[in-house]
Each structure stands twice: as structure tokens, then as C-alpha cells.
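All remarks here apply to the structure that follows.
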Amino acid sequence: MNLLEAARRVKELQQEINHHDFLYYVRNSPRISDAAYDRLRRELEDLEEKYPSLRSPHSPTQRVGAEPRSSLPPVLHLRPMLSLDSTTSADEAREFDTRLKKLLERETIYYTIEPKFDGLSVELVYESGDLIRGSTRGNGLIGEDITPNIKTVGAVPLQLRGGSPPARLCVRGEALMPLEGFQKLNQRMIEGDESPFANPRNAAAGSLRQLDSRITASRPLTFFAYEIMVVEEGPPVPSHTREMELLGEWGFRVDDHIKLCSHIEEAIDFHAKLARSRDDLPFEIDGVVIQVDSKGERELAGARSRSPRWAIALKFEPRREITVIEDIIVQVGRTGKLTPVALLRPVDVSGVTVSRATLHNAGEVAKKDVRRGDKVRIERAGDVIPAVVERIEEGEKSRGEPFVMPDRCPVCGSAVTAEGAYHYCGGGNSCPSQLKRGIEHFASRGAMDIEGLGKRTVDLLVERRLVKSLVDLYRLTPEVLSELDGFAEKSAQNLMEAIFSSRKVSLARFIYALGIRNVGEHVARLLADHFGSSEKLAQASPEELAAIHEVGPEVARSVFNYFRDSRNLSTIALLRALGVEIQSPEKAGGPGSLEGKSFVFTGSLDSLTRDQAKVLITSRGGKVGSGVSKKTDYLVAGADPGSKHAQAVKLGIPILSEEDFLKMLETGL
Ligand code: IVH
């Protein structure tokens, strides 16, 4: 390949990867497999390595982070970044409305209402469509330059989408860490003996304000755009509604809860509704932003020194409360991990009564120096288990004894061993607590999916000694079950059926169900796709395991150790003997296999070229033909299909829309 060809291919790859980043991070609907995506990235990385002159600052490869800097340089914002007046009272929102109507001399004002994200605000500047700078809010006038860091956030476009970008564009939005990523990050931090973040907002801020952007790149951040601060030589922006549309067209992630309303009561209702459903969102919001929709009216209303008159934040009740630790107990999880848990004087935290909070591990208890009787601040993020944020100093008051991790398991009395930052009970499934939590996990939705086998039933089954191992589940009889308190004949029957039908299970679910330390649903799927059978997995060496993309040495060791324990091997053998049937993924291409199927295309595709589609099909074991015949299995019809469409109809060949086809690539036939 000569330089010219390489340049062409680099450009193509950059565009393609940017497009997939957009689908994945902004639209939340990836259209190619991780493996296919990785191939594209690797090809681009190789070419850029070989021809460094082709590497541009806007290449998606630049999202990985750069060399550390010595400090975050200051940035003067193009316009001051104002903050919002805020209240938790609906009446104050009504007063805001009355005040504005008077000021603007209007009977009706149109407001836009949207969630107030609980992250940190960021300013992005684009010139001729290229991202040239990102900065934090700082004091509103001067912020910190976080350009290399913000580039690692997948939802931030490195280049604006669509043709003819404005000469200059300054966008403001919120950087957030979604709850799931936040929990995982904290887990990782604790394992590395670092202090976990108190909440997702701190985690987002800590991740973005790094001198080493490679650290930012490893953190799960996202970005929602909500304001165009400056647009030069670009389209007119007469309203916030239009603003959000434009942001979406340029490739930013915008939230879709936004609503236009003509009455402040609608905003108050919206606030109440969102307050009820905020736990269902994958990220934290702390209220709603109510703002005048028309930019002209905003201009008329003007601003005070720090905040505009045309907007107000109607916040939710805070999720932080102060209470007292009545005791610190130790819980034993399914892997035997001991977790210190603070039993709290019950307290209402934004509508949920909280009576316990996790303290993670012995190190954390020591670092926070919390003891029985201490006053503490607790915080609940989403429906994540509440955490103790900090101890509240109470002067001279005499305090309880410092917490010590027991050296025997509080449930079964087995010896406790320290491993890294954690302590473990060595009792295995002879520890009732490990057994209960292990069965609960085994039966859970992403695992064997046994409906009706929740915590309460599991506890009963183990306490009555009806189930002494995972294997015993498949030996239960309706007679035994109907002996349980509160178990009517019908529910016993239902549970029996659920257990029976759980026996056919995919390899990935089965691996996950085993409850191997450090193996979540995602890793389980990787392992299943890689090895194809539990026998091959059981024989894998740590090196072989660690060589799998996304599997680290620690995970590899856990998996390896799990299969060296003869008790685990006999559990698997017995489950099989009792009828558990593990279904291996298709050999070629795993879940998305198209083995032996023949496809024909007609019309133009929106999201990928024919060549790309061809690669995706053949890499999954399928074929692509040029004309429709009786041997064709599927016709994929894009926009403006040609005569092949009629031919396929005539022959009764199934016709797939582009969307159907993409779904098929994901899930297989
Ligand atoms: S609009 C003049 N919309 O809330 C400011 N702000 O104290 C107009 N925020 O610093 C901002 N979500 O970081 C707006 N949907 C949203 C928001 C939002 C969160 C933050 C923003 C600002 C703070 C106000």
C-alpha cells in the first residue's frame, strides 16, 4: 500500500469508527460486534503507526489518552458559564413563573423542562467542525483545560457530524459517570487499595481532572449536551428546542426526556414524575431544569451576576442524610467475601428508609475511622446500596471500640484469610451464607433464570436443610417444597416447572451461574465464545485465559483456580447428570453465526456499505450472492430496492429490512 492509498484507507476507517462510536456512545445502539469494531481499530492503529503523518488529532485513535501533563492549564471561557438558581419548593417555581411573566409582560411563557444531570459541566469548543478544546467550569470565567481528557469520552464528538459545520461552536453540557460503571470503578479502586469515590459526580470530576488522560480513558464517562453558548457562521438558534435538535444532528448525546410546556404546573408535575422514576435511570439526576424556550425572551429577561433570570433548577430532595451507626456487622457473600456493614438508625433518604450501609472492607472502615455509636453522613446513589460517606466529628464525646475483622467466619466459624484488600471465609458451600448467596446468584435472571427462587425461598430451603448444594435444586420434589411455610401447592408446582425448564442453558449463562470470582455476565460471554465448551474452559491455562481480549490476569487466575477445585468439578458433573444441558455457542462467530446462509442485497443501505456488509456476513460463515435464486436464503432490501425485490417476492424468499439485518448480525438467525 502506498501513502496515497493509506491516506484514503485511514480516512475511511476514521469515518467508519467515528460512526460506530456515535452509534455506541450517543445512540446507545451498536451495530457491529465488539470483535468487528476491534478489527477496524487495529487496522487504523497499524496504518497510523506506519504512516505517522496520517494521524490527525481528530482520529478516533486519539481517544486513548496522551502523555501526562504537569498541570491543567487555565482556560478563559468564551462566555461566562453561569450557574442556575435552585430550589426544592414547587411554590418557588411558581413564583419564578409569576416574576417572569411580569418582567416579559406575557400571559403565557413556553418553558422547556429536562433532567438536571448530576455531573460536572464542561465547555467544548469546535472550529470548522473539529474539537479544539474542552474545559471545566472552574469559577465560571476561568476553567481548567481538559482537552486530552475529554477526547477520551466516547459520547463527545471529535468532529461534528453533517456537512458545513459552523466556523466556531461552543457547546456546554454535563459529563457524567453512569451508575453501573461507577460501581465497577469503586470495586476496582477498593481492590487496588485506593479509596472509592463517594458518589458518581465525584468520580466523574476526579476522572476528568486527571493529568494523565490515559486514566480518564479507562473510566466509564458519558456526556450530555444541553446548550449552545456561541455559534459563528452557523444556523440560527431561535429556541432551546431547536438548540437541542441541532446538537443531536451534530452528533451530541442529548437526553430525550425534554418537554416543551406552556404552564408551570406541567413542569411541577414533570418534576414529581421524574422524582419517582429517577432510580430507574442509569445515571444520577438531581432535579429538573426549567427554562424559557425562546432565545429572544431569554435575551429580554437577562441575567444577574451569576445566574440567568430565565431559568431555575427545581431540585429533588437530597440523597444524603445524617444518622448514627448502631452496630457494625459482617456479611458473608457467595464468594465467601466478608463485608462490614453499618447497621444504622433508620433514616429516610429521599423517600427510601435506609437502615444499613456498606463499608466495603476492613481498610475502608479504618480509613473512615467509623465505629459503633458514631454520627455519619450516608448517601444513596440510584438504587445502589447506600454508602457511608464520612464520620461527623463530635468533639470530646467518648467513642466505641475500633472495628476489627473477625478471624473466624461469623456464620459458620471457618477460618478467615486475608487476600489483598478483602477477607474471605474458607468454608465454601458448607458455609450456609455462601451457599444461600450462591444459590440466589445461580437462580438469578442473567444466570439460570429460575423464576420464583428469590432470597426468601432460598433462605428457607437452606435453613431447612432441604438444599445443601446447587445440585440439590435439581433433586427437589413438589412434596418437599409444599412443606415450606407459605408455599401453596400452586407455587410449589410453578417453582418445580421453573427449575425443570432452567436445565437447557447457554454456555455463557452457565459459566456466569457458577459464580466464579470476578466473572460477571460479560466475562462469562467472552469465555463461552472463546472456548465453546465447559471442558475446554476447565482445561485452560492462566496464560491462555489472560490472552483473551478484556480478560486480565486476576480474572484469569480466578477462573483457573475455580477449575482446580475438585468440589467445583463434581458440582458441574452432577448438574449434568441431573439433566442440565449446556448449549455451546455456534462454532463460527458465536451468537451471531450465519453459517451456510446466502444473502443478496438490493437498494442502498444507510449505516454500512455493501462491502462492509459482505465482510460482516462472510466472517459469520455466510455467503453473499449477486442475483436472487431459489438458493437465496434472505434478500436484504435497503432504500429504493430494484427488481430483485419483486423476484424475491415471487420466489417467497424472506425479505429483511436494514434494521432486521443488523439485528441478525447481532443475534444470529
Ligand atoms: S442549563 C445558565 N441544563 O446545573 C446555566 N444545566 O447550577 C444553564 N446542569 O452548572 C444551564 N443539567 O452544570 C442546564 N439539563 C441541564 C443541566 C444543567 C445539569 C448543571 C449545569 C450547571 C448547574 C447549575
Side-chain angles (χ1 to χ4, degrees), residues 75 77-88 92-93 96 100 110-124 134-144 146 150 153 155-156 170-178 199-202 204-205 208-209 221-230 237 239-248 252-261 267 270-271 274-275 278 281-295 297-316 318-319 381:
V75 170
H77 291 305
L78 293 187
R79 296 274 186 287
M81 285 176 80
L82 298 178
S83 63
L84 286 174
D85 271 357
S86 78
T87 174
T88 52
E92 281 186 31
F96 157 82
L100 264 179
Y110 281 89
Y111 294 110
T112 37
I113 44 186
E114 64 196 63
K116 182 173 183 314
F117 307 105
D118 196 8
L120 74 155
S121 56
V122 165
E123 178 190 81
L124 301 173
S135 57
T136 63
R137 178 170 182 277
N139 65 8
L141 298 174
I142 296 171
E144 291 159 312
I146 51 163
I150 202 72
V153 177
V156 168
C170 172
V171 169
R172 181 177 177 181
E174 200 88 347
L176 298 173
M177 187 174 292
N199 54 47
R201 183 188 48 256
N202 291 4
L208 272 181
R209 300 180 61 253
L221 295 165
T222 188
F223 177 82
F224 282 100
Y226 50 67
E227 193 180 11
I228 296 173
M229 311 252 286
V230 177
V237 189
S239 66
H240 183 54
T241 315
R242 177 70 189 132
E243 174 167 64
M244 295 299 266
E245 250 170 44
L246 282 167
L247 287 168
F252 292 94
R253 184 172 187 192
V254 287
D255 187 70
D256 52 14
H257 287 90
I258 186 165
K259 260 181 71 172
L260 184 65
C261 67
F270 180 78
H271 169 264
L274 217 50
R278 72 193 276 214
L281 292 180
F283 45 79
E284 277 280 83
I285 59 174
D286 60 349
V288 301
V289 176
I290 307 173
Q291 38 188 345
V292 171
D293 187 50
S294 147
K295 293 272 177 165
E297 289 177 358
R298 289 187 182 190
E299 197 69 37
L300 284 174
R304 287 169 295 254
S305 65
R306 295 182 55 87
S307 57
R309 289 200 182 83
W310 42 260
I312 192 166
L314 184 53
K315 303 239 286 187
F316 300 138
R319 295 213 211 241

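The chain is numbered in sequence order, starting from 1. Read the numbers this way: they start at 1 and go in the same order the structure lists the ligands and their atoms.
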- Provide, to 0.1 Å, the distance between atom 4 (O) of ligand 1 and the closest protein heavy atom, together with that atom's residue and name. Lys116 NZ, 3.2 Å

- Query: Where is the tightest heavy-atom contact between Ser83 and Arg137, given as atom of each residue plus distance?
  - Reply: CB-NH2, 3.6 Å

- Aromatic plane relationship, Phe117 with Phe224 - under 30° parallel, 30 to 60° tilted, over 60° perpendicular: parallel

- Query: Of the non-hydrogen atoms in Val289 and Lys116, which two are nearest, and what is the gap between them?
  - Reply: CG2-CB, 3.6 Å

- The closest protein heavy-atom partner of atom 7 (O) of ligand 1 is Leu84 N, 3.3 Å

- Query: What is the minimum heavy-atom distance between Ser135 and His77, and which atoms define it?
  - Reply: OG-CE1, 3.3 Å

- Message: If you take the nearest heavy atom of each of Glu174, Met244, Glu114, which one is closest to atom 13 (O) of ligand 1?
- Response: Glu174

- Message: Taking Arg304 first and then Asp85, would you say they form a salt bridge - that is, a charged N and a carboxylate O separated by under 4.0 Å?
- Response: yes

- Counting heavy atoms only, which of Arg137, Met81, Arg172 comes nearest to atom 5 (C) of ligand 1? Arg172

- Task: With atom 6 (N) of ligand 1 as the reference point, say which of Phe224, Phe117, Tyr226 has the nearest heavy atom.
- Result: Tyr226

- Query: With only distance considered, is Pro115 within less than 3.5 Å of ligand 1 through an N or O on each side?
  - Reply: yes

- Return yes if a side-chain donor-acceptor contact under 3.5 Å exists between Thr136 and Arg209, otherwise no. no

- Within a distance under 4.0 Å of any heavy atom of Ser121, pick out the atoms of ligand 1 and give their elements. 10 (O), 13 (O)

- Message: Within the 4.0 Å heavy-atom shell around Pro308, which atoms of ligand 1 are there?
- Response: 2 (C)

